[in-house]
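Reviewing the structure listed below.
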Amino acid sequence: MLEFMPIVLFAVICIVLMFGFPVALSLAGTALLFAGMGLGLQAMGIDANFDGGYLAALPNRLYGIMTNQTLLAVPLFVLMGVLLEKSKVAETLLDAMALLFGAMRGGLGISVTLVGMLMAASTGIVGATVVTMGLMSLPTMLKRGYSTSLATGTICATGTLGQIIPPSIALVLLGDVLSSAYQQAQLDMGIFSPKTVSVGDLFMGALVPGLILVVMYMVYVALIAWWRPSMAPAADRKELMEELGHTSGLGMLLLKGLVPPVVLIVAVLGSILSGFATPTEASAVGAFGALVLALAYRQLDMATLKDVLRSTTNVTTMVFLILIGAALFSLVFRAYGGEHMVTELFEGMPGGVVGATIIVMLVIFLLGFILDFIEITFVVVPIVGPILLAMGLDPIWLGIMIAINLQTSFLTPPFGFALFYLRGVAPPSVPTSAIYRGVIPFILMQLGMLLMLTFFPQLATWLPAQFGG
């Protein structure tokens, strides 16, 4: 029984999390409990297959977390996203896009997709994007005669783009973890001058697949509007302008609502992709730019600033507490020999690296029903990442596959997080079954994207190779 302690540890943590206990405390508390159990059994003369020496690395791990320059980008990108949300930049942007495309069939759906993409790029948080888009766009779409399933499906799907559209917090965290996993994999293979993979590389790798998904969403909405016009009717631009309360004209609204956030996002992303700035430096520029926009829109007072800083602190604290808990879990898991167990399991699996990758992707997909991307990134990826990378997988390709896999998991009924977020803000007249029906085509598109990446990995690796060269 004691040789299976790593599996028991992982199972117990999943059970504790399903009871709704805080993630960071669940990870740390369960790991400490199992560590105490291992040390106690050894003190009684029982071989618990536990190496307590791993726990001595904990202070260095915690110091490394607190001094990690890459992770500084997390609070700054969160601050940027919250500022853009609170300053009503997203609301003005949605109004501008709705007026621009609303006069064509499916135009509102296309507008929601484009604005969702920009929101995803600015916030990088699935919950924030889904809730914001649900509150702003769902009532308008339903009032204009859109099919309930099409409207809710589009909002949920575009909300999950926060996983893959850079600069995304999910990619920042995943990039940092994969960088360590890649170096560990190379050291395990006897390569003592290891290559590195950066967050910027992951941003570049995500750009093409992310944009392909956006185009697929828009094509789907356009095809539905052409095939069944009653599901996505055109809106009268004049009536829409009066309803939204804009009298200054479309050109002025586009100039005010579209140009500033696009310029900000392009400046942040462009500086990273060109190598002019690191993700941390670019995040600081983005946060400052969002602050300037909020001031220019006259939406920033002391109460709003306090609210923004409180939200940013809450998210940042949650991320770092989970990271600390995950570091403790990782050490206890390795102390029980979990890493060797997983390595032997993967090496003995039929299909080699292909079989191992399929199993990992399936496990991550299922874990996405009960864990957020932060927990999966910090708990699961450090365990399986070094092993898969040592088997020859490209770290950028693996990172993008994990991101899109989680994006699909968050969208899949009945446990997808995005569905819960939208259900919380949707009117009571919107049935939950309509939300479930609406996301199915988008899930199929995301699965199609995973298949495309499987057979054409260059979709994720080509752009980083060009910039890297």
Side-chain angles (χ1 to χ4, degrees), residues 81 84 90 93-94 96-98 100-102 104-126 128-130 132-134 136-137 141 146 150-171 202-226 232 257-258 261-266 268-270 272-273 399-401 403-408 410-411 418 422 438-453 456 458-460 462-463:
L84 289 178
L93 177 61
L94 182 61
M97 299 302 285
L100 184 63
F101 293 103
M104 57 184 281
R105 285 187 301 194
L108 284 177
I110 292 172
S111 302
V112 167
T113 303
L114 289 172
V115 175
M117 175 189 72
L118 295 173
M119 281 286 293
S122 62
T123 65
I125 302 172
V126 170
T129 308
V130 172
T132 303
M133 296 302 294
M136 290 191 308
S137 60
M141 295 177 79
Y146 267 66
L150 178 63
T152 54
T154 304
I155 292 169
C156 284
T158 53
T160 60
L161 287 171
Q163 289 292 116
I164 191 67
I165 298 287
S168 159
I169 295 171
L171 293 178
L202 212 58
F203 280 2
M204 285 183 271
L207 201 57
V208 173
L211 292 176
I212 290 175
L213 275 176
V214 171
V215 171
M216 289 168 72
Y217 291 175
M218 292 193 295
V219 169
Y220 168 72
V221 172
L223 287 174
I224 288 293
W226 169 75
L258 182 61
V262 169
V263 168
L264 177 62
I265 291 166
V266 168
V268 171
L269 194 54
I272 298 172
L273 298 184
I400 305 308
M401 288 289 285
I404 297 180
N405 188 13
L406 284 174
Q407 179 185 356
T408 309
F410 295 159
L411 199 59
L422 186 61
V439 297
I440 290 173
F442 295 95
I443 293 170
L444 294 176
M445 283 182 259
Q446 291 177 358
L447 291 174
M449 189 70 244
L450 284 172
L451 283 175
M452 288 169 65
L453 282 168
F456 304 101
Q458 298 85 358
L459 291 171
W462 178 81
L463 194 59

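Residues take their numbers from the sequence shown, with the count starting at 1. Note that these values count all heavy atoms, side chains included, but never hydrogens, waters or copies made by symmetry.
The heavy-atom pair separating Tyr146 from Ala151 by the smallest distance is CB-CB, 4.4 Å. When all heavy atoms of Leu202 and Gly399 are compared, the pair lying nearest together is CD1-CA, 4.1 Å. Closest heavy-atom contact between Val112 and Ile155: CG1-CG1, 4.0 Å. Annotation for Ile404 and Pro209: closest pair CD1-CB, 4.1 Å, computed over non-hydrogen atoms. When all heavy atoms are compared, the tightest approach of Leu150 to Ala232 is CD2-CB, 3.9 Å.
Atoms CG and CD, on Leu406 and Gln446 in that order, are 11.0 Å from each other to the nearest 0.5 Å. Rounded to the nearest 0.5 Å, atoms CD1 (Ile400) and CG (Leu450) are 11.0 Å apart. Between Leu453 atom CG and Ile212 atom CD1 the span is 7.5 Å, to the nearest 0.5 Å. Put simply, CG on Leu411 and OG1 on Thr160 are 5.0 Å apart, with the number rounded to the nearest 0.5 Å. To the nearest 0.5 Å, atom OG1 of residue Thr158 and atom CG of residue Leu213 are 11.5 Å apart. The CD atom of Gln163 sits 10.5 Å away from the CG atom of Asn405 when rounded to the nearest 0.5 Å.
Under the side chain to side chain donor-acceptor pair (under 3.5 Å) criterion, Ser137 pairs with no residue at all, not counting sequence neighbours.
Judged purely by atom type and a 3.5 angstrom limit, Tyr217 has no side-chain atom pairing as donor or acceptor with the backbone of Phe442.
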